[in-house]
Amino acid sequence: MAGRTSRIDPETVSRFAEVLALKDDPASVRRRVEALEHLMEGLVTLPGINRKIGLDVILDLVPIAGDAVAAAMGAYMIWEARNLGMSRWQMTRMATNVGIDFGLGLIPFVGAIPDFFFRSNTRNLKIIKRHLDKHHPSSVLIDAKPRAKS
């Protein structure tokens with residue numbers, strides 16, 4: 001133990017270093033925006049209604065500051081879109097989605113209800129994916145899910 005400087009194993013440190021090195025290739029951007037969308041919109045499944053909620057709805061319970069944080073995270077997706085070379089029209093649509101989400105969320109406590117149904121980050125992810133599929137087809141990741149046996 002005398003030679004160790006950290007309690008974290010080196011493999012974990014190397015994985016964090018790999019994640020923090022923000023690569024600008026389209027496949028890396030796709031993974032980042034998909035992870036952000038999952039965090040903001042689909043983190044937890046509500047039992048009983050089987051509907052997913054994420055940090056976006058949870059942050060709406062904190063008046064003003066929570067909405068500002070959610071809008072900043074939505075703005076990060078727009079920044080990634082700009083770095084991909086997306087058109088101003090597409091980025092304007094994305095900013096409108098974030099603005100509507102922010103405006104609805106400003107209604108204290110009740111703002112979480114429309115945010116539960118209006119998923120701006122999911123809409124923005126669809127816009128980004130459409131652009132990536134058209135202009136960077138090599139970034140497409142194929143998820144092979146096993147079929148259920150009949």
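Nothing here was measured: the structure is a model prediction, and the numbers come from that model. Heads up: numbering here begins at 1 and tracks the sequence.
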Task: For Lys126, side chain to side chain donor-acceptor pair (under 3.5 Å) partners two or more places apart - done: none
- [ ] Could you name each residue pair satisfying salt bridge (charged side-chain N to carboxylate O under 4.0 Å, His left out) that touches residues 95-111, not counting sequence neighbours?
- [x] none
Task: Pairs flagged by salt bridge (charged side-chain N to carboxylate O under 4.0 Å, His left out) wherever residues 130-140 is involved - sequence neighbours left out - done: Arg30-Asp133
Scan the side chains in residues 44-66 for donor-acceptor partners under 3.5 Å anywhere in the protein, sequence neighbours excluded, and list what turns up.
| unit_1 | atom_1 | unit_2 | atom_2 | d |
| --- | --- | --- | --- | --- |
| Arg51 | NH2 | Phe116 | O | 3.3 |

On a heavy-atom basis, which atom in [X] and which in [Y] lie closest, and how many Å separate them?
X      : Y      : value
Gly105 : Asp67  : O-OD2, 2.6 Å
Pro114 : Val110 : CD-O, 3.0 Å
Ala71  : Phe102 : CB-CD1, 3.9 Å

Task: Ile127 CD1 to Arg93 CZ distance, which is reported to the nearest 0.5 Å - done: 4.0 Å
Task: Side-chain cluster (under 4.5 Å, hydrophobic types only) that Trp89 belongs to, other residues - done: none
Open item on the list: Clusters formed by hydrophobic residues whose side-chain heavy atoms approach within less than 4.5 Å: which one holds Leu104, and what are its other members?
Closed with: Ile100, Phe118
Validation: residues 75-87 side-chain donor-acceptor distances under 3.5 Å, sequence neighbours left out:
| unit_1 | atom_1 | unit_2 | atom_2 | d |
| --- | --- | --- | --- | --- |
| Tyr76 | OH | Arg32 | NE | 3.3 |
| Tyr76 | OH | Glu80 | OE2 | 2.4 |
| Glu80 | OE1 | Arg32 | NH2 | 3.4 |
| Glu80 | OE2 | Arg32 | NE | 2.8 |
| Glu80 | OE2 | Arg32 | NH2 | 3.2 |
| Ser87 | OG | Gln90 | N | 3.2 |
| Ser87 | OG | Gln90 | OE1 | 3.3 |

Output side-chain donor-acceptor pairs under 3.5 Å for residues 35-42, partner residues at least two apart or in another chain, one line each.
| unit_1 | atom_1 | unit_2 | atom_2 | d |
| --- | --- | --- | --- | --- |
| Glu37 | OE2 | Thr122 | OG1 | 2.6 |
| His38 | ND1 | Gly42 | O | 3.4 |
| Glu41 | OE2 | Asn121 | N | 3.2 |
| Glu41 | OE2 | Asn121 | ND2 | 3.0 |

TODO: Show your reasoning for whether side chain to side chain contact (heavy atoms under 4.5 Å, CB included) applies to Met94 and Arg123.
DONE: CA-CA 8 Å; Met94 292 173 66; Arg123 292 169 184 248; over 6 Å; no
Task: Summary of ring pair (Phe, Tyr, Trp, His ring centres under 6.0 Å) pairs that have at least one residue in residues 42-73, sequence neighbours excluded - done: none
